[in-house]
A.B. asks: 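Supplied in structure tokens, the structure appears directly below.
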Amino acid sequence: MVDILGKMKQMDKMKAFVEEMREDHLVSLNTVAKMMRRFSGAGQWKDAVNTFEELENFGLEKNTESMNLLLDTLCKERKVEQARALFLGMKPHIPPNANTYNIFIHGWCKIKRVEEAQWTIEEMKGHGFRPCVISYSTIIQSYCFQSNFYRVYELLDEMEAQGCPPNVVTFTNIMHSLTRSGDIEEALQIAERMKIVDCKPDTQFYNALIHTLGKGSYVEKALHIFTKEMPESKIYPNTSTYNSMIAMFCHHRQEQRALEYLRNLEKSPYCKPDVQSFYALLKLYFRDGKTDKCMILLDDIVKKHHLCLDLATYTLLIHGLCRANKCEYAYQLFREMIGQNIKPRYLTCSLLLQEIKEKNMYDAAEMIEGFMKKMKSL
């Protein structure tokens, strides 16, 4: 109930309800954590701090656990500087633990002040706490977002020197970031480095590896991973694994192979298709002018698999149908997406409006123009 009232921004009612709980000695640290989180989420971070200050009135103790809850709440709402100031005031009375410093590492990274997070690692060591793989991986992820791979490799070396080897999540994030930056060969070297330190892969790692191999045109190697290495390691594919394979085949215009893997996904005992499973094939068909095949596939998505289209798929379909001179159907999809409260991009509206006007569909054009005016006024 406390959480529900807080979520509804009914703060006075939430406080009154907690006061009733206090009189019946029902307030727990979990209750206080929910209050602080809701205050902070509503922009009332000072009320979150006041709630912490009143802990003893609830029969609770100000200790490391409760302090960490407050700091975590503030950091998650990007109030890291305020959390830091409060921590410095509490530190002489409440001892921090390793989790305290990890909270600040996450907080500084969240507001893109990665150097402060790096300094927190050193502060952590200075107080006798050993940074864990999560501490390092959080900072590595921030450097990955900056494409600062020099610092990424420095931290990997530091982790190994400190006896804190990177885990599969660390390696997966680095490989994915290198691939996104177009450094395919470097990304594949990360997979080799992972083998050297005997870090066991998981499904997410293999998904990233297959994606990387596909981007690098190593189709047969990706096939080997999927058909040989994963089964031998007893690691089962999920929907994203199949989606990566389908997207890879479509990227290399191998329609039949893509369809084969889509059918295998439909029959898989482990997972089922999602709307993303069809996206690459739809894109391939539009690119090759096979609009009729798009319509058959769309029928499968909606009627056979009962999947709801997302913004990306609606956008692809509307743009593709407009280019294929099928703007009547594109308009139907446009109305459908609006009916489902999926807001189209302004470019999509402009493209469809232009095609609709060329077909003299005046009522449809008026509707789209009215929607675009609303978009501009928001």
Side-chain angles (χ1 to χ4, degrees), residues 64 68 71-72 75-76 78 80 83-84 87 91 95-213 215-216 225 229-230 233-235 240:
T64 306
N68 284 350
L71 298 176
D72 188 51
C75 286
K76 280 178 177 167
R78 310 175 75 85
V80 190
R84 176 72 182 171
F87 169 63
K91 193 176 171 185
N97 61 12
N99 188 38
T100 312
Y101 293 102
N102 280 332
I103 287 165
F104 279 111
I105 290 167
H106 277 276
W108 291 125
C109 288
K110 190 178 181 74
I111 62 171
K112 296 181 171 59
R113 287 170 61 176
V114 66
E115 296 305 327
E116 297 278 5
Q118 186 77 60
W119 184 87
T120 304
I121 286 264
E122 298 309 314
E123 184 184 20
M124 190 178 187
K125 291 179 191 172
H127 284 84
F129 298 108
R130 187 179 176 184
C132 66
V133 66
I134 294 170
S135 317
Y136 282 111
S137 295
T138 303
I139 297 176
I140 283 173
Q141 185 67 17
S142 285
Y143 282 127
C144 282
F145 282 133
Q146 296 175 6
S147 295
N148 188 349
F149 295 111
Y150 177 79
R151 291 293 293 126
V152 168
Y153 289 126
E154 276 194 338
L155 280 172
L156 280 181
D157 291 340
E158 183 179 326
M159 289 176 79
E160 288 167 5
Q162 295 282 336
C164 177
N167 63 16
V168 65
V169 176
T170 316
F171 283 118
T172 303
N173 286 337
I174 296 169
M175 183 163 61
H176 179 72
S177 297
L178 284 164
T179 302
R180 193 176 58 221
S181 297
D183 298 325
I184 304 301
E185 298 305 322
E186 283 287 322
L188 294 174
Q189 283 303 310
I190 289 294
E192 292 304 311
R193 183 166 182 165
M194 186 169 145
K195 284 180 185 176
I196 291 167
V197 297
D198 199 30
C199 179
K200 302 300 179 191
D202 61 7
T203 303
Q204 299 306 321
F205 169 80
Y206 277 124
N207 291 353
L209 179 56
I210 288 168
H211 175 70
T212 300
L213 289 166
K215 287 281 185 184
I225 295 290
E229 193 170 317
M230 288 182 73
S233 302
K234 293 186 168 48
I235 294 174
S240 292

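These figures come from a predicted structure and were not determined experimentally. In this chain, numbering begins with 1 at the start of the sequence shown. These numbers come from the heavy atoms of this one structure, side chains and all, not from hydrogens, waters or symmetry mates.
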A.B. asks: Looking only at non-hydrogen atoms, find the nearest pair between I121 and S135 and report the distance.
C.D. replies: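 Looking at all heavy atoms of both residues, the closest pair is CD1-CB, 3.8 Å.
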
A.B. asks: Rounded to the nearest 0.5 Å, how far apart are OG1 of T138 and CG of L155?
C.D. replies: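 These two atoms lie 11.0 Å from each other.
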
A.B. asks: Check this for me: does any side-chain nitrogen of one of R193 and D157 sit under 4.0 Å from a carboxylate oxygen of the other?
C.D. replies: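 A salt bridge is present here (some side-chain N lies under 4.0 Å from a carboxylate O).
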
A.B. asks: Using 0.5 Å steps for rounding, measure from the OG atom of S233 to the CG atom of D202.
C.D. replies: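 Rounded to the nearest 0.5 Å, the OG-CG separation comes out at 11.0 Å.
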
A.B. asks: More than 12 heavy atoms of other residues, nucleotides or ligands under 6.0 Å from NZ of K125: yes or no?
C.D. replies: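 Above 12, so yes.
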
A.B. asks: Under 3.5 Å, is there a donor-acceptor pair linking the side chains of R151 and Q118?
C.D. replies: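 A donor-acceptor contact under 3.5 Å links the two side chains.
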
A.B. asks: What's the verdict on side chain to side chain contact (heavy atoms under 4.5 Å, CB included) for F87 and F104, showing C-alpha distance, side-chain angles and the deciding distance?
C.D. replies: CA-CA 10 Å; F87 169 63; F104 279 111; 3.7 Å; yes

A.B. asks: Within a radius of less than 6.0 Å around CD1 of I184, do more than 12 heavy atoms belonging to other residues, nucleotides or ligands occur?
C.D. replies: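 Correct, the count exceeds 12.
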
A.B. asks: Which atoms form the tightest heavy-atom contact between P165 and V133, and what is the distance?
C.D. replies: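 Answer, listing the atom of P165 first, then V133: O-CG2, 3.8 Å.
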
A.B. asks: I'd like to know if the side chain of T120 and the backbone of Y101 have a donor-acceptor N/O pair within less than 3.5 Å.
C.D. replies: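 Not at all, since once roles are kept as given, no pair shorter than 3.5 Å links the two residues.
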
A.B. asks: Would you say that more than 12 heavy atoms from the other residues, nucleotides or ligands in this model lie under 6.0 Å from the NZ of K91, or not?
C.D. replies: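 Yes, the 6.0 Å shell around NZ holds more than 12 heavy atoms from other groups.
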
A.B. asks: Is any side-chain heavy atom of V168 less than 4.5 Å from a side-chain heavy atom of M194?
C.D. replies: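 Answer yes - side chains close enough.
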
A.B. asks: Does the pair V197 and F171 meet the rule for a side chain to side chain contact (heavy atoms under 4.5 Å, CB included), with working shown?
C.D. replies: CA-CA 11 Å; V197 297; F171 283 118; 3.9 Å; yes

A.B. asks: Measuring from H106:NE2 to L71:CG, what's the distance to the nearest 0.5 Å?
C.D. replies: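 Separation between the atoms: 13.5 Å.
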
A.B. asks: Enter the distance from D72:CG to I103:CD1 here, rounded to the nearest 0.5 Å.
C.D. replies: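 Output value for this atom pair is 4.5 Å.
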
A.B. asks: Does V80 reach the side chain of K110, with side-chain heavy atoms less than 4.5 Å apart?
C.D. replies: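 When only atoms from C-beta onward are counted, K110 and V80 do not touch, as no gap falls below 4.5 Å.
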
A.B. asks: Which pair of non-hydrogen atoms, one from C132 and one from C164, has the smallest distance, and what is that distance?
C.D. replies: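 Scanning both residues, the minimum pair turns out to be C-SG, 3.5 Å.
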
A.B. asks: Apply side chain to side chain contact (heavy atoms under 4.5 Å, CB included) to residues F149 and S177 and explain how you reach the verdict.
C.D. replies: CA-CA 9 Å; F149 295 111; S177 297; 4.0 Å; yes

A.B. asks: Could you tell me whether the side chain of C199 reaches within less than 4.5 Å of the side chain of F205, counting heavy atoms only?
C.D. replies: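 In short, these two side chains do not touch, never coming nearer than 4.5 Å.
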
A.B. asks: If we only count heavy atoms from C-beta on, is the L209 to Y206 side-chain gap below 4.5 Å?
C.D. replies: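 A side-chain contact exists here, since the closest heavy-atom pair is under 4.5 Å.
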
A.B. asks: Taking all atoms of both residues into account, what is the closest heavy-atom pair of L156 and P166, and its distance?
C.D. replies: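 Nearest heavy atoms, L156 then P166: CD2-CG, 3.5 Å.
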
A.B. asks: Output the distance between atom CE (M175) and atom NE2 (H211), rounded to the nearest 0.5 Å.
C.D. replies: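 That separation rounds to 10.0 Å.
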
A.B. asks: Evaluate the side-chain proximity of Y136 to N167: yes if any heavy-atom separation is below 4.5 Å, no if none is.
C.D. replies: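 With C-beta onward as the side chain, the pair stays apart.
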
A.B. asks: Using modelled atom types only, decide if a donor and an acceptor are shared between the side chain of R130 and the backbone of Q162 within a distance under 3.5 Å.
C.D. replies: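 Here the side-chain-to-backbone pair exists.
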
A.B. asks: Let me know which of N173, I174, V152 forms a side chain to side chain contact (heavy atoms under 4.5 Å, CB included) with Q141.
C.D. replies: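 The side chain to side chain contact (heavy atoms under 4.5 Å, CB included) with Q141 is passed solely by N173 among N173, I174, V152.
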
A.B. asks: Decide yes or no on side chain to side chain contact (heavy atoms under 4.5 Å, CB included) for M124 and N102, but give the supporting numbers first.
C.D. replies: CA-CA 9 Å; M124 190 178 187; N102 280 332; 3.9 Å; yes

A.B. asks: For S137 and T170, work out which heavy atoms get closest and say how close.
C.D. replies: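 The answer is OG-OG1, 2.6 Å.
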
A.B. asks: Drop me the distance from L188's CG to D183's CG, to the nearest 0.5 angstrom.
C.D. replies: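 If I round to the nearest 0.5 Å, the distance is 11.0 Å.
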
